[in-house]
Structures are given as C-alpha cells and as structure tokens.
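Along the sequence shown, residues carry numbers from 1.
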Amino acid sequence: MSKGHNFSAGTIMFQMLLSVVLSQTMYSSSKRGHNMTVLSSQLVCSLPGPAGPDGNPGAPGSPGPPGAIGPPGRDGPDGKDGVRGGKGDQADPGRTGNPGKPGVKGRQGVIGKAGPRGLKGPRGTAGLAGPRGRRGELGDVGPQGAPGGCNCGRAARSAFSVASTKSYPKERLPIRFSRILLNEGDHYNVSSGKFVCAVPGVYYFTYDITLANKHLAIGLVHNGQYKIRTFDANTGNHDVASGSTVLHLLQSDQVWLQIFYSDQNGLFFDPFWTDSTFTGFLIYADQEYLDEADRKANAQHDG
C-alpha cells in the first residue's frame, strides 16, 4: 500500500477522533458550567507520523474452512464421436408384445390372375321343367315301321252340339246350354257351360243365337280371351245372330260363350218354335298326340 494512501486514511481518522474529543469536552464542560479552550498546539501533537517501512511478512496462518460449493459451470463443447465399437453378442429375444389395434382398411387390390381349374363337383339336383318349346321343323320321312295296333279311331274323337233352355242370361258369365244334342267324349261340361279340350288339335266352333226384345252382344271366349264378338240390334222382330271360327287348342283349354256388354243379353228361348245352339268339333288332332296314342296302343298289344 502507498504512503500517500496511508496518510489520507490517517488524516481522516484523525479528524474523526478530533471531532469526538471536542464533542465530549464541550459536553462535559457544559454540564459543569466551565468553558474550556483547546489550543492548536495541543492538537498538532496528536497527528500521526509518516508511515514506516513495511515489516517482514508474518508466519502463514492456519487454513480456513472449505468454502461453499460453487454453482455448476457451463457445459463444455461436444466431443468428437468415438471409434465404432465391434458387434456385440446377440441377446435373448424379449417377450412378445401386446397385439396392436387393427389398422385402417386398405384399398382393394388389383384382381389377380385366375387360379387353376378346380375339380368337377357332384352333379346337382334336376331343375324344374322349363316352358314348352316351339314346335320344330318337320323332319325327314323315316322308314316304314312294322304294322301295329291303332287306337286313333276312338282317341281322336271330340264333338258337341248343345241348345239353350233359358232366356236372357247374365252378363260376363259363361252361358249354360243345358240341352244336349251331341257330346262325343263328354268334353262339354253342362254345369259350367264350358267345352274342355281333351284331344289337342284344330277345332271348328259355331253358334246361332235367337234374340228378341233386347239387343245382343255375344262373344266366343278362349281361356278368358275373346276370340270373336257379335252384336245384333233389336229391331222389334225376332232375329238370329251367328258366328264361327277355327281355333287350335291344347289339352285343358276351355271355350265358351258369354254376353260381353251390360243389358245386351237378348238371347231368347221358346220351346215351341225357336232354339239357340252352340256347336264345336275336332277337325284334326296334333301329330304328337296321335303318336303317343299309337305308342300306348302298341304297348298294350305287346303286353
């Protein structure tokens, strides 16, 4: 430490000491009631002298207690990557983890190539019979067969002729002709008024209807469908309405007459001088039906 600095410090300490002494002296004197005078020469003697030379260093003191642990220092810079170590030994496999949640359904993939043809499966059950097909073209004439029995003379007969016994029948219902003139094979049903086909083939139908007092609107019906219709107006006299046609019928087909318009049912019956008739007969039977009849007749003959 420099002397000039020691002098300034001593001067300051001196001035402080002087102030204390003066204040104590003045306080003591005021209490006693005496005045006291301090001479400047007395104050000069109390000033410190100049600083002497530095003394020899003293003996080292004993070590102090360890200081408190300081705060951690800042992280140093990262070191360089070390040399890659060798491959270690394979460890034992760990336990199987829990199954994960199902993932989102993916898009449909591209259709792959067809696989090899499989083995033929077992034969399925027979299906229902299909509708009857169209009649095929006529084939070539076959060789003449051996003579056999024939049942066609009896099996291919069908004819009827019937007459009405009641006037003004109900509309849109089969007209019942209850007086039988001819019913070959009993194919005309008196109860229903319908002819029911038993021998498939081509038929001729005709009717002659006497009318009086009303108009007449009558039609020939085949399986619920009108095939011909006849209208005859009432002129105040008796009149006759007639119609005829040729139809191809299958087995169980039905044919009848009926009034097709309201209040136009002028069919008139008089047992003494007029009749209304309905007639039909087979022209020729279907060839398939005749062939089947011959087959059955030959089978019975051989048996």
Side-chain angles (χ1 to χ4, degrees), residues 131-135 155-289:
R132 180 170 179 169
R134 296 180 180 179
R135 184 172 182 176
R157 294 180 180 180
S158 181
F160 72 96
S161 184
V162 291
S164 65
T165 58
K166 186 177 179 181
S167 299
Y168 313 128
K170 293 183 179 180
E171 299 90 351
R172 297 184 178 87
L173 290 174
I175 301 174
R176 291 187 294 177
F177 294 82
S178 57
R179 186 159 68 96
I180 303 298
L181 305 177
L182 173 69
N183 194 5
E184 182 70 34
D186 292 329
H187 300 155
Y188 178 81
N189 190 319
V190 178
S191 299
S192 65
K194 297 180 180 180
F195 169 77
V196 181
C197 176
V199 181
V202 176
Y203 285 79
Y204 175 79
F205 294 95
T206 183
Y207 55 87
D208 293 284
I209 307 298
T210 301
L211 68 149
N213 304 322
K214 289 185 177 183
H215 300 318
L216 179 67
I218 192 168
L220 185 140
V221 183
H222 173 212
N223 291 342
Q225 300 293 326
Y226 286 102
K227 293 301 181 181
I228 58 173
R229 299 184 188 189
T230 303
F231 178 80
D232 203 329
N234 176 32
T235 59
N237 299 316
H238 290 78
D239 201 354
V240 176
S242 63
S244 61
T245 188
V246 176
L247 299 175
H248 179 264
L249 303 182
L250 301 176
Q251 277 188 318
S252 301
D253 280 0
Q254 298 179 352
V255 178
W256 67 89
L257 295 178
Q258 72 180 33
I259 304 299
F260 65 84
Y261 200 81
S262 300
D263 297 327
Q264 308 292 322
N265 59 337
L267 185 152
F268 180 75
F269 167 69
D270 189 328
F272 298 103
W273 64 276
T274 184
D275 285 304
S276 295
T277 60
F278 177 34
T279 301
F281 56 85
L282 175 67
I283 299 175
Y284 60 86
D286 288 347
Q287 188 61 44
E288 291 87 348
Y289 176 81

Does Glu171 reach the main-chain N or O of Asp263 with its side chain, forming a donor-acceptor pair under 3.5 Å? yes
Count the heavy atoms belonging to other residues, nucleotides or ligands that lie under 6.0 Å from CD of Glu288, then report whether that count exceeds 12. yes
Tell me, do Tyr203 and Leu282 make a side-chain contact under 4.5 Å, heavy atoms counted? yes
Which pairs, with at least one residue in residues 205-219 and sequence neighbours excluded, count as a side-chain hydrogen bond (donor to acceptor under 3.5 Å, both in side chains)? Tyr168-Asn213, Tyr207-Thr230, Thr210-Thr274, Lys214-Asn265
To the nearest 0.5 Å, what is the distance between CD (Gln225) and NZ (Lys227)? 7.0 Å
To the nearest 0.5 Å, tell me how far Ser158 OG sits from Ile283 CD1. 11.5 Å
Which label fits Tyr188 and Phe160: parallel for a plane angle under 30°, tilted from 30 to 60°, or perpendicular past 60°? parallel
Nearest heavy atoms of Ser178 and Thr165, plus distance in Å: OG-OG1, 2.5 Å
One pair to check against side-chain contact (heavy atoms from CB on, under 4.5 Å): Leu249 and His222. What are the steps and the verdict? CA-CA 9 Å; Leu249 303 182; His222 173 212; 3.4 Å; yes
Using a cut-off of 6.0 Å, state whether more than 12 heavy atoms not belonging to Phe260 lie near its atom CZ. yes
Quick one: which of Val246, Val255, Ile228 gives a side chain to side chain contact (heavy atoms under 4.5 Å, CB included) with Phe205? Val255
Take Tyr204 and Phe281 through the ring pair (Phe, Tyr, Trp, His ring centres under 6.0 Å) test and state the conclusion after the steps. CA-CA 6 Å; Tyr204 175 79; Phe281 56 85; 5.4 Å; yes
Side-chain heavy-atom pair Gln254, Asn223 within 4.5 angstrom cut-off: yes
Trp256 and Gln258: side-chain donor and acceptor closer than 3.5 Å? yes
Between Val196 and Ser252 the two heavy atoms that sit nearest each other are CG1-CA, 4.2 Å
Taking the side chain as every heavy atom from C-beta outward, state whether Leu250 and Arg132 have any pair of such atoms under 4.5 Å apart. yes
Can you measure from CZ (Phe177) to OG1 (Thr279) and round to the nearest 0.5 angstrom? 9.0 Å
Test log, rule side-chain contact (heavy atoms from CB on, under 4.5 Å), inputs Leu211 and Phe268: CA-CA 5 Å; Leu211 68 149; Phe268 180 75; 5.6 Å; no
Nearest heavy-atom approach of Pro174 to Ser192 is CB-O, 3.5 Å
Just how far is it from atom OG of Ser164 to atom CD1 of Ile175, taken to the nearest 0.5 Å? 8.5 Å
What closest approach, in Å, do Lys166 and Leu267 show between heavy atoms, and which atom pair accounts for it? O-CD2, 3.4 Å
So, for Asp286 and His248, which heavy atoms are closest and what is the spacing to 0.1 Å? OD1-NE2, 3.0 Å
Leu220 versus Phe278: any side-chain heavy-atom pair under 4.5 Å? yes
Rounded to the nearest 0.5 Å, how far apart are CG of Asp232 and CG of Leu216? 6.5 Å
Please determine whether the number of non-hydrogen atoms from other residues, nucleotides or ligands lying under 6.0 Å from atom OH of Tyr284 exceeds 12. no
Ignoring hydrogens and angles, tell me if any N or O in the side chain of Tyr289 forms a donor-acceptor pair with the backbone of Gln251 under 3.5 Å. no
Applying salt bridge (Lys or Arg N to Asp or Glu O under 4.0 Å) to Asp275 and not counting sequence neighbours gives Arg179
Less than 4.5 Å apart, any side-chain heavy atom of Arg176 and any of Pro169? no
CD1/Ile259 to CD1/Ile218 distance, rounded to the nearest 0.5 angstrom? 4.5 Å
